Amino acid sequence: MMSSRGRGKTFRLVWLDAVLLGLIVVVVLYLWRRASAEVFYRWDWSVVPEYLFYQNPETGDWRANLLMHGIYATLRLTFWGTLIALIIGLVMGCCRVSRNLFLRLVSRTYVEATRNIPPLVLIFIVYFFVSSQIMPLLGIADWARQTDGALRTMIEVSFGPIALIENFLSGLLVLALFEAAYFTEIIRAGIQSVEKGQWEAGGSIGLPRYKVMRYVVMPQAIQRTIPPLAGQLISLVKDSSMVSLISIQDLTYSGTQVAISTRKVFEIWIFIAVVYFVICFSLSLVSRWLERRMSRGLQ
Amino acid sequence: MIRLENVNKWFGDFQALKDINFTVGQGERVVVCGPSGSGKSTMIRCINRLEEHESGRVFVDGIELNDDTKNIAAVRLEVGMVFQQFNLFPHLTVLENCTLGPIQARHMARDEADSLAMKLLEQVRIPEQARKYPGQLSGGQQQRVAIARSLCMEPKVMLFDEPTSALDPEMIKEVLDSMIDLAESGMTMIVVTHEMGFARTVADEMVFMDEGRIVESAPPDEFFSAPKSDRTKLFLSQILSH
């Protein structure tokens, strides 16, 4: 009885879906025809490979071009941004549930300040008031400039061109600080979702509080927070496009430049959308796999 | 071994413990009973400071429990606790549940801790489950793992907070059997339970609590056959009548 009714329901849905899909296709085709009749646009996808790699006419070897550099920069931002944001998030998340009032105040202030300011405003504030003042004082750029050999290659692979390193680090700092506030709240929620009995059991076998956190509560909290953390990580990738506004030469920044100079606006932006989609979608696949793997022990 | 002197405890306006005076000697087995909300659990949770008492003094093996975290840590190394809801660590195997305390709190080497844990899992008759996760075991098996986990710390005192209340009836016996074995080995035990059969078998002393007070305490023979207070009589008639 139940199953036949269920099947009937599914059938009706499929039928309705087909009608809706058909309508969408008709609308898209109509718009497409109208657009191609009114606007004459010559699609030229060759700009994409051209700006990904170029061949040096003299030596004949292939080099990464603007778009490829942009992809590298976005990947670097994502990698380091995630790492730093996770560390800050873990530390701040623990502070949020600390017994120490001072630590709780610091972490709460940080989270509230960061989450209640629009990200763009935060990017400008940190960039103009903090990074541009503090970065030169640290002397990182000077230090990086005088390195050579393997160390220099390592720095360039991990942080991009030496000339832009200060710029890159500022952008990275803003991005990590911004995302870490969300990581903090996710990790706090994860820690608080672990039953009180786990703390009590940990304490009753003689473990000090930090060891209960380390060996009992945190592993369970992390396991529970993987789905929301992965979601936030994907946001981080997408939010990284905002740092193009402070001249970090990421994918969005290079895209803007190439689109303007070649006037192939549609091709470039569609390509960039696809690249972001591929990065984010692979991350969500990885997180789904990880989630399944980590829940194996707990039934 | 354990001494509570004029202990009082409030939860907000509610007074959970009222002038508790209570002593347990080395090797003594005390069973605490009483209606729910009478403060039994709160009292034994004060003995390893899962609850803080607000006035009075608590001593365990000569160490006073106060705000000094060193004392709390020292007491917790000597007092094992078994909870109503087992509270096993679900992300660790049975063996790892047992060895976490010895390795992290007593700094024992892993293989030494492993063999100690196996010995105690044999004592509670589930060595074959060592590699499984708690979620794969029955309630009775989980509670026996919890007992083994506490024993791995080689405690001087074991506290049991309604250890069989969350179990299906057919699993209660296996847990009680493990507790009887433990009692016969000479362990000092304080058990909050409604299992009166168990109480008769192992208890040296029965304690009856109601509304945060110790109403009556007596050896089991006397307690069951000739309870002094009317409250105790009423309670016993209710739980023994069926």
Side-chain angles (χ1 to χ4, degrees), chain A residues 86 90 93-95 97-104 186-230 287 289-299, chain B residues 41 44-45 47-51 69-70 72-94 96-108 131-137 142 145-146 148-155 157-161 166:
Chain A
L86 267 182
L90 267 178
C94 291
C95 291
V97 297
S98 166
R99 280 179 173 176
N100 183 314
L101 177 66
F102 176 71
L103 292 180
R104 282 206 309 275
I186 291 171
I187 286 167
R188 175 194 59 79
I191 292 172
Q192 287 177 341
S193 79
V194 175
E195 298 74 18
K196 194 165 149 259
Q198 294 286 310
W199 284 100
E200 292 180 348
S204 79
I205 56 167
L207 299 179
R209 232 180 110 80
Y210 75 93
K211 281 193 173 175
V212 180
M213 182 65 115
R214 160 81 182 74
Y215 294 103
V216 177
V217 175
M218 208 33 114
Q220 297 182 60
I222 294 288
Q223 201 260 323
R224 289 172 200 193
T225 51
I226 280 189
L229 278 180
S287 91
W289 172 79
L290 202 64
E291 204 183 313
R292 232 176 298 139
R293 230 186 98 90
M294 288 196 73
S295 62
R296 211 174 280 166
L298 321 158
Q299 277 114 8
Chain B
S41 289
I44 72 164
R45 287 160 62 88
I47 296 170
N48 65 352
R49 206 154 169 104
L50 290 179
E51 302 289 354
T69 49
K70 262 191 210 133
I72 298 171
V75 166
R76 284 181 175 175
L77 287 177
E78 297 190 359
V79 179
M81 177 135 188
V82 174
F83 300 87
Q84 183 177 349
Q85 299 294 342
F86 327 138
N87 294 347
L88 293 176
F89 308 132
H91 60 298
L92 300 178
T93 63
V94 165
E96 288 164 342
N97 264 277
C98 295
T99 56
L100 183 65
I103 291 172
Q104 293 302 331
R106 286 211 190 274
H107 310 289
M108 196 182 272
R131 303 282 162 198
K132 288 194 184 161
Y133 286 91
Q136 297 168 297
L137 306 185
Q142 290 194 45
V145 172
R149 175 177 71 180
S150 291
L151 292 177
C152 276
M153 293 303 291
E154 299 173 314
V157 182
M158 284 286 284
L159 308 175
F160 293 84
D161 189 1

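Chain A is the first sequence line, chain B the second, and so forth, proteins listed ahead of strands; every chain is numbered from 1. These figures come from a predicted structure and were not determined experimentally.
- In this structure a side-chain-to-backbone donor-acceptor pair under 3.5 Å is missing from A:R188 to A:V97.
- At least one donor-acceptor pair closer than 3.5 Å links the side chain of B:N97 to the backbone N or O of B:F89.
- Contacts between B:Q104 and chain A at a heavy-atom distance below 4.5 Å involve backbone atoms as well as side-chain atoms.
- Side-chain atoms of B:R76 come within 3.5 Å of backbone N or O of B:R49 as a donor-acceptor pair.
- Ranked by heavy-atom pairs shorter than 4.5 Å toward chain A, the options B:I72, B:V82, B:L88 are led by B:L88.
- Per-residue counts of heavy-atom pairs under 4.5 Å with chain B were compared for A:R214, A:E200, A:R209; the largest is that of A:E200.
- Proximity to chain A (any heavy atom under 4.5 Å) is shown, for B:M81, by both the backbone and the side chain.
- Of the listed residues B:V75, B:L50, B:L77, the one with more heavy-atom pairs under 4.5 angstrom with chain A than any other is B:L50.
- The main-chain N or O of A:Q198 is never found under 3.5 Å from a side-chain atom of B:N87 such that the two would form a donor-acceptor pair.
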- Task: Please lay out, stage by stage, how A:R224 and A:E195 fare under the test salt bridge (charged side-chain N to carboxylate O under 4.0 Å, His left out).
- Result: CA-CA 12 Å; A:R224 289 172 200 193; A:E195 298 74 18; 3.7 Å; yes
